[in-house]
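Small disclaimer: the values here were computed from a predicted structure and weren't measured. These values consider heavy atoms only, across backbone and side chains, with no hydrogens, waters or symmetry-generated copies.
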Amino acid sequence: MTATVAYDEVEVGTELPPRSFPVSRATLVQYAGASGDFNPIHWNEKFARSVGLPDVIAHGMFTMASAARVVTDWVGDPGAVVEYGVRFTKPVVVPNDDEGALIEVTAKVAAKLEDNRVRVDLIAMSAGQKVLGMSRAVVRLR
């Protein structure tokens, strides 16, 4: 695959299509099985509260991967992402109800770099709080 977005067609400030990612307790169990991360803070409310959390929380890597989907969906090729990093600032709290939580992600091109690369800055929010800080991806465009 190759990127579907052309470097010459992108300017600093270009906004990527925003996305929202619902997260339920079932989502967390599925992710735990796929990742092998069965830490009880991600599925056991009693345990999560006993260690000082407000409730069960989403896996940090799940949150990070969800945010990255905004970039990979935009560029059309996950392999075009050459760097990606975040700081975890707040957990995504997932209540045991019919709604769960929602991760809302926005992103924009923050810099044009050499070799047809751009830096994309992302903002990931849940329940009105920023859950990822310094969330940045470097993407090679066509």
Side-chain angles (χ1 to χ4, degrees), residues 1-7 9-113 115-142:
M1 295 179 78
T2 59
T4 59
V5 178
Y7 181 82
E9 296 171 2
V10 173
E11 299 298 329
V12 170
T14 297
E15 294 184 8
L16 283 60
R19 294 274 314 266
S20 294
F21 303 95
V23 186
S24 67
R25 294 282 178 97
T27 306
L28 300 182
V29 171
Q30 291 167 338
Y31 184 81
S35 69
D37 181 353
F38 294 101
N39 187 323
I41 64 172
H42 303 303
W43 56 270
N44 184 315
E45 184 175 331
K46 181 179 176 184
F47 182 84
R49 290 182 187 278
S50 78
V51 297
L53 295 169
D55 206 332
V56 165
I57 63 170
H59 303 73
M61 296 305 278
F62 174 84
T63 304
M64 185 178 177
S66 296
R69 286 181 56 193
V70 170
V71 177
T72 59
D73 287 352
W74 171 71
V75 76
D77 177 9
V81 178
V82 295
E83 293 177 32
Y84 180 50
V86 306
R87 289 191 181 152
F88 300 104
T89 56
K90 298 279 185 187
V92 174
V93 178
V94 183
N96 190 19
D97 60 16
D98 292 335
E99 294 182 29
L102 191 64
I103 301 169
E104 299 173 287
V105 183
T106 58
K108 68 180 176 180
V109 175
K112 291 186 84 168
L113 310 171
D115 299 326
N116 284 18
R117 296 174 305 130
V118 296
R119 189 186 88 218
V120 177
D121 290 354
L122 299 98
I123 298 173
M125 305 283 292
S126 184
Q129 295 189 322
K130 192 172 183 181
V131 294
L132 298 177
M134 298 295 293
S135 183
R136 295 180 174 170
V138 175
V139 184
R140 187 176 315 280
L141 304 178
R142 65 173 171 86

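- Here the CZ atom belonging to R142 is positioned 10.0 Å from the CG atom belonging to N116, to the nearest 0.5 angstrom.
- Atoms CG and CD1, from D55 and I41 in turn, are 11.5 Å apart once rounded to the nearest 0.5 Å.
- Taking a 6.0 Å sphere around NZ of K90, one finds it holds 12 or fewer heavy atoms contributed by other residues, nucleotides or ligands.
- Here the side chains of D115 and R140 are in contact, with some heavy-atom distance below 4.5 Å.
- Atom OG1 of T106 is separated from atom CD of E15 by 8.0 Å, given to the nearest 0.5 angstrom.
- Among pairs with a residue in residues 58-77, those fulfilling side chain to side chain donor-acceptor pair (under 3.5 Å) read R19-D73, at least two apart in sequence or across chains.
- Counting heavy atoms from C-beta on, the side chains of Y84 and V71 never come closer than 4.5 Å.
- Side-chain contact between L102 and F21 is absent, with no heavy atoms from C-beta onward closer than 4.5 Å.
- Closest of all the heavy-atom pairs between A67 and L122 is O-CD2, 3.3 Å.
- Here the side chains of V92 and V94 are in contact, with some heavy-atom distance below 4.5 Å.
- Scanning both residues, I103 and A124, for their nearest heavy atoms gives CG2-CB, 4.5 Å.
- Nearest approach of L141 to A3, heavy atoms of both residues: CA-CB, 4.0 Å.
- Taking each heavy atom of G133 and T89 in turn, the nearest pair found is N-CG2, 3.5 Å.
- Nearest heavy-atom pair, P22 versus S20, reported as atom, atom and distance to 0.1 Å: CD-O, 3.8 Å.
- Looking at every heavy atom in both residues, G60 comes nearest to F88 through O-CE2, 3.1 Å.
- Looking at heavy atoms from C-beta onward, H42 lies in side-chain contact with I57 at the 4.5 angstrom threshold.
- A donor-acceptor pair is defined here as one N or O able to donate and one able to accept, closer than 3.5 Å; such a pair exists between the side chain of Y7 and the backbone of L113.
- In this structure the side chain of V109 never reaches within 4.5 angstrom of the side chain of E11, judged on heavy atoms.
- Listed by first and then second residue, the salt bridge (charged side-chain N to carboxylate O under 4.0 Å, His left out) pairs involving residues 26-47 are R25-E45, E45-R49 (not counting sequence neighbours).
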